[in-house]
Every structure is written in structure tokens, then in C-alpha cells.
Amino acid sequence: MALRYENYLRMNHIPHMWCPGCGIGIVVKSMLAAFEDAGWDKNDTAVISGIGCTSRAPGYLDMNTLHTTHGRALTFATGVKFARPDKNVLVISGDGDASAIGGNHFIHACRRNIDMTLIVNNNNIYGMTGGQYSPTTPLGAKAATTPWGNVDPGFDLAELAKGSGATYVARGHVGSGVQLQRLIRGGIEHHGFSVIEVMSNCHTQFGRRNKLADPVDLITHINKSSVNVARAKKMSPEELEGKFLIGLLHHDKEKAEYTDAYAGVIERAQAGLKK
Amino acid sequence: MNKVITANHAVSHAVKLANVDVIAAYPITPQSSIVEELSEMCARGEVPAQFIHTESEHSSMSACIGAAQAGARAFTATSSQGLAYMHEMLHWAAGGRLPIVMAEVNRSLGPPWTIYTDQQDSLSQRDTGWLQFYCRDNQEVLDTTLLCFKIAERVGIPAMLVLDAFVLSHTYEAVNIPDTKLVDKFLPKKDAPFIIDTSEPHAYGGMMNVDCWMESRYHLQKATEMVNTVVEEETAEWADLTGRNLSPLQLHRMDDAEYVILAAGTAAWTVTLAVDMLREKGIKVGGIGLWMFRPFPVEQLRKVLKGVKRFFVVDRSVSFGHSGIFAQECRSALYDVEDRPKITGIIAGLGGREITQTGLATEIENAIADPGSDLIRWMEVKT
């Protein structure tokens with residue numbers, strides 16, 4: 001059944017502020033469709049964001065939403081999840097928000113393996129503030145603060161998540177909405193910290209400066225740069241040069257989830273008191 | 001050379017003229033165009049500075065502190081939440097006596113989110129030890145930036161120049177950009193007193209015991225008190241070089257004033273317009289634009305308010321549970337003066353709500369007619 005947007009959006013806040021052709025719309029739609037597929041109740045769900053174009057999403061969602069400060073979405077979310085471990089917590093963030101100013105919280109949420117789902121719309125740039133380079137801007141790419149090409153090596157967010165202890169790590173892109181929806185659903189159904197990185201297009205701030213000003217060209221470029229994780233196994237390192245993997249990259253069902261582990265501490269402490 | 005530029009770009013031009021060594025910044029609306037322009041200038045080789053694009057404002061100030069400690073002239077710019085996030089490092093810069101200069105674009109603090117102007121962000125940093133200067137227009141922004149470097153380096157205290165979001169930051173005006181020779185003469189490179197010198201190694205920032213820590217703050221206060229004289233000298237030299245006068249209190253029609261209005265930032269220009277409107281009605285009103293906020297110009301204020309009946313202080317900030325922050329400062333400065341005016345605080349223009357000349361003139365007329373409401377009045381608020 002087609003997704004009924006009015007079930008999930010604050011229709012009186014539409015039209016949104018994103019540029020025509022922006023990838024964030026696809027990310028939000030995929031998220032909502034995954035949410036519906038998983039059969040979650042929106043009233044039992046909190047969606048939390050920080051700052052940036054992507055972080056404007058909760059403003060349009062008819063759910064329990066918190067639009068917080070730059071980089072801190074995961075810490076607010078950790079507080080929410082700790083206060084109500086029985087509820088669902090989704091965090092939606094951009095590359096600047098999640099990996100620059102919020103990079104510290106990103107690795108610690110992964111390390112704790114707290115049961116939340118983080119969706120990172122990675123468009124390789126700070127969109128809202130005017131196209132400054134981010135920790136995922138490719139080497140050599142132009143941005144408002146790197147008019148002659150970026151020299152800062154970037155993060156591989158999925159690898160960072162995996163290395164930091166996240167137990168569900170996937171990557172999709174905005175040119176493949178159905179796959180993205182499936183990956184997000186896997187993340188929200190996973191009991192532990194899930195990171196879904198979405199390679200996305202900001203043609204306005206990134207594309208315009210890098211000869212990819214047309215959203216279709218930029219999404220095509222993203223599509224051509226992606227290789228499915230199963231297919232990549234049959235490819236040589238030379239063939240994979242300049243490509244990124246998509247699909248489920250890491251899934252660990254064994255590691256203890258943090259609120260469960262903490263409930264165990266409470267149980268042990270209370271048993272100790274009764275002795 | 002005269003150019004039509006935004007106030008943000010006036011900052012960039014001043015920083016270019018100041019020959020800074022290190023710029024470290026993080027993007028935030030409405031500051032971003034200051035450092036974007038600087039990154040262009042650096043990339044084109046016009047500014048021989050190292051430009052560091054950090055991962056947060058906290059890191060920007062930390063990088064400036066490191067640079068200044070190594071003897072570099074360091075600059076950053078921020079706004080609102082970014083400034084709040086820097087808070088810890090602001091104390092560190094002042095405590096370390098490092099003459100860093102920062103452009104701070106006045107924007108309200110969330111929640112709810114907004115990007116428009118008020119003075120809550122900078123005034124919340126009042127007690128960090130930073131010098132603060134509030135600008136009324138683009139020319140003052142350029143001049144103040146250069147003066148900040150000079151003053152900060154003379155006393156070894158960081159300085160913040162403050163400008164209104166959008167109303168100033170993104171508005172184009174004609175600005176005189178002085179030539180390099182003039183600025184080189186005014187602002188020669190000066191070694192800060194406490195820097196890393198490999199020929200004479202020192203340890204900075206280490207643990208200090210109860211027998212001497214307090215003195216570090218005594219000296220910071222004493223140096224801040226000296227700023228009054230330093231500002232007098234430096235603004236006089238700047239006036240000699242450029243013909244442009246700046247002073248801690250910028251006065252308008254004060255000679256026979258019975259009533260006086262004070263504001264800072266662009267609202268200070270609005271004050272002059274409201275004063276002119278009220279003068280036409282025969283009300284003897286004068287205006288003060290507060291340029292220097294830290295140190296607070298206590299003596300100057302006492303002097304210009306002699307014989308004034310009532311003093312109206314316009315605040316784009318609130319110290320919740322008391323009153324506007326400028327109003328408190330003025331009240332405290334005047335308390336020991338015997339013949340002091342009655343002071344009325346007016347909260348106006350929070351979150352970018354426009355302060356118009358007619359709105360302000362009406363508010364002042366109402367306040368004159370109502371001698372009872374002295375601590376706090378709210379201009380044009382929907383209650």
C-alpha cells in the first residue's frame with residue numbers, strides 16, 4: 001500500500017524548506033516507509049535531530065520530535081532512550097552535524113550500543129550554512145571554505161561506526177529508494193545501535209561548485225559510484241577505486257544492548273541492597 | 001579606497017589589513033560569510049594566514065588560543081550557539097592573557113530556534129574577561145576590528161567586536177577601506193607578553209596554588225581597567241589617521257537633555273532618529289550609543305548624565321528574574337552618584353523584532369508619562 005504522507009507529516013508545515021531535487025526528501029520518505037513496514041506506532045516514537053538541512057526533518061513529522069543543538073542530537077536522544085527505554089528513538093542527522101561538531105557523540109553512541117537508529121544524510125557539505133566543507137567532503141572537492149580544493153582527508157562514516165562498536169551498519173543512497181527503505185527497516189528493527197549512512201545529493205551547495213549542479217546528474221554520479229556489497233566481493237581493488245559500498249555492511253546480534261545492560265546493573269544493585 | 005560591502009565583509013577586509021597569522025572558524029549563520037571571504041583571500045594568497053576550518057566552535061577558540069600562545073595574531077568569528085559553545089575557551093583565552101580578536105554576530109539563543117538578532121549571546125559572555133565593543137554601522141565594524149587588535153595586544157586581553165545579525169551583517173553600505181601602509185603604521189606586529197619562546201622555555205596553564213592564583217585575576221582586572229586610557233589613546237590616533245571618531249559613548253544632542261536614551265548596536269542609530277523626532281515635539285531628549293561595553297565606561301557615563309532627569313536604557317537582552325543587562329550595568333554605575341537620573345529599563349527587539357524610530361519614540365513618551373515602571377518595561381510585546 002502506498003505511504004499515506006498525511007499520517008506522518010504535519011501537513012500545515014508543508015511546503016518544506018529544502019531545495020527542489022534535494023535528497024533529504026527521499027531519505028525522509030524511505031524512513032517513513034520503513035517505519036510503516038516495521039509496524040511501529042508513531043506515538044511511541046521520538047525523532048531527534050541537531051542542526052542543518054537534514055535536521056529540519058522533525059519539524060515536518062507528526063511524531064514526538066526534538067530539534068536540538070548542533071552536533072548534540074545523539075546526546076539528547078540518549079537521554080530520551082534512558083528515560084523511556086521502552087520507546088523507539090530515531091535520530092536523523094547530516095554529515096556536518098554527525099561527524100564534525102557531533103563526532104564525539106557519534107563514536108560514543110556506537111561504543112555503548114544503545115538501541116537507537118541513526119540515519120546520516122551524507123551530502124558531503126554543510127548545506128544550510130552555505131556550502132562549507134565537512135569531514136566527508138572528498139579530497140580535491142570545492143566548497144565555500146575550500147575554493148581551491150579540499151586537502152582534509154574525509155571520514156568513512158560506516159567504517160567509523162563499525163570500528164566504534166555500532167552493531168548494525170548499512171549504507172544506501174538516494175538513487176535507490178527501495179533498497180534504502182529496506183536498510184532503514186533493518187536498522188530500526190535491530191536491537192542495538194544502528195547507523196544507516198545515506199549518500200545523498202546537495203546539488204545547490206556541493207554540486208554547483210563541483211560541476212554537478214543538476215540534481216539528476218549528481219544522483220546519477222552517486223549511483224555510478226556505488227557498488228553493492230555482494231558484487232564488490234568479486235571485484236579487484238583497482239575496480240573498486242573511487243567507489244563506495246552499499247548494502248548491509250555489518251550486523252552483530254550478540255553484543256549487549258546498553259539499556260538492557262544498565263537494567264541488569266539496577267537489578268544487581270537492588271538485589272545487593274536487599275541482602 | 002571606498003567599497004560598497006556588507007558588515008561581514010568589512011570584518012574580512014579589516015582582518016586582511018591586520019595581517020593575521022591564523023584564522024580558525026566553524027560555520028554558523030549569520031557569521032559564515034566573514035570567514036568564507038577570508039578563506040578566499042587566504043586561498044588567493046592575499047592574506048598570508050593559515051586558515052583552519054575546525055570541527056566546532058570550541059575547537060576554533062582552542063586553535064586560536066594555541067596560535068596566540070605561539071605568538072601568532074589570531075582571529076575567529078562566531079555567533080549565538082557557537083559563542084555559547086565556546087564559553088569554556090573564552091575564559092581560557094582571557095585567563096591566559098592572549099590578545100585574540102573575535103567578530104561576534106549578535107543572534108538570539110534557542111530554543112525555539114531563530115537566526116535573528118538580539119544581544120543575549122554576547123552579553124551572556126560578560127564575565128569571561130573579554131573586551132566587548134558594539135558597532136552601529138559597517139564603517140564602525142571595520143574600524144573597530146582594527147582597533148580591537150591594537151587594544152587587545154597592548155593590554156594582553158582578548159577582544160570581541162559585536163555586530164547585529166542581518167540588519168548589519170548582511171547589509172551593504174559604503175565603507176572606507178584604509179590603505180595597507182596606514183594600517184601597518186597603526187598596527188605593527190607586537191609580541192604578546194606570554195608566548196612560547198623556544199629560546200626561553202616557559203610552562204603555561206599549569207596548576208597554580210592558592211598563594212598566587214588570585215593574583216592572576218587581580219592583574220587581569222587591573223589590565224582591564226587600563227583599557228579606558230588605552231582606548232582614549234588609540235581612538236585618538238585612529239581619528240588622526242582617518243578622521244573617524246569612535247568613543248566609548250557616542251553622544252547625540254546631549255547638551256541640554258533632560259531625558260536620555262541609551263542603546264548599543266544598530267539600535268543606537270535608531271535612538272538618534274527617535275531623539276530627533278522627540279526633539280521636534282519640544283521634548284529635550286539626548287541619545288547615547290554604547291560602543292564599549294567591557295570595560296564599562298562608568299566615569300564617562302556619570303559625566304554625561306549630570307543633570308539628566310530620566311535615563312532610558314534599551315536592552316535587547318534580559319537577565320531573567322532581574323532586568324535588561326545594560327540597564328543593570330547603568331544602574332550600578334550610577335548608584336553612588338548623588339544627583340543621578342531615574343533609570344528605566346526597556347526590553348525591546350528580542351529575536352530580531354524590529355525597533356523602529358516611531359515605536360521607540362512612542363515607548364519613550366509613554367515611559368515619561370509613567371514614572372512608576374522603572375525596573376523593566378517591555379516594548380511592543382504581545383502579552
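Just so it is clear, the values below take in all heavy atoms, side chains as well, and ignore hydrogens, waters and symmetry mates.
Once rounded to the nearest 0.5 Å, the distance linking OG of B:Ser39 with OH of A:Tyr133 reads 9.5 Å. Considering CD of B:Glu36 and OG1 of A:Thr129, their distance stands at 7.5 Å, rounded to 0.5 Å. Distance check: A:Asn104 CG to B:Ser56 OG gives 10.0 Å after rounding to the nearest 0.5 Å. The CE atom of A:Met128 sits 8.5 Å away from the CD1 atom of B:Ile115 when rounded to the nearest 0.5 Å.
Pairing each heavy atom of B:Tyr26 with each of A:Ala100, the nearest pair is OH-CB, 4.2 Å.
For chain A, the option among B:Glu57, B:His58, B:Glu55 with the highest count of heavy-atom pairs below 4.5 Å is B:Glu55. Ranking B:Pro27, B:Gly82, B:Gly110 against chain A, the residue ahead of the rest is B:Pro27, based on heavy-atom pairs under 4.5 Å.
With a threshold of 4.5 angstrom between heavy atoms, B:Pro111 does not approach chain A through any atom at all. A:Ser134 does not touch chain B: none of its heavy atoms, backbone or side chain, sits under 4.5 Å away. The contact between A:Pro147 and chain B is made entirely by side chain atoms (from C-beta outward), counting heavy-atom distances below 4.5 Å.
Within the 4.5 Å cutoff, side-chain heavy atoms of B:Trp113 are placed close to those of A:Thr69. Between A:Arg72 and B:Tyr85, some side-chain heavy-atom pair lies under the 4.5 Å cut-off. Contact of the B:His53 side chain with the A:Thr145 side chain is registered, since non-hydrogen atoms from C-beta on lie closer than 4.5 Å. Counting heavy atoms from C-beta outward, A:His70 and B:Gln81 have side chains that stay 4.5 Å or more apart. Side-chain contact between A:Gln132 and B:Ser32 is present, with heavy atoms from C-beta onward closer than 4.5 Å.
By the 6.0 Å contact criterion, CD on B:Glu46 is enclosed, its count of non-hydrogen atoms from other residues, nucleotides or ligands being greater than 12. The environment of A:Phe82 atom CZ is dense: over 12 non-hydrogen atoms of other residues, nucleotides or ligands sit within 6.0 angstrom. Within a 6.0 Å sphere centred on OH of A:Tyr60, other residues, nucleotides and ligands contribute more than 12 heavy atoms. Annotation: A:Phe155, atom CZ; neighbour count of heavy atoms from other residues, nucleotides and ligands within 6.0 Å does not exceed 12.
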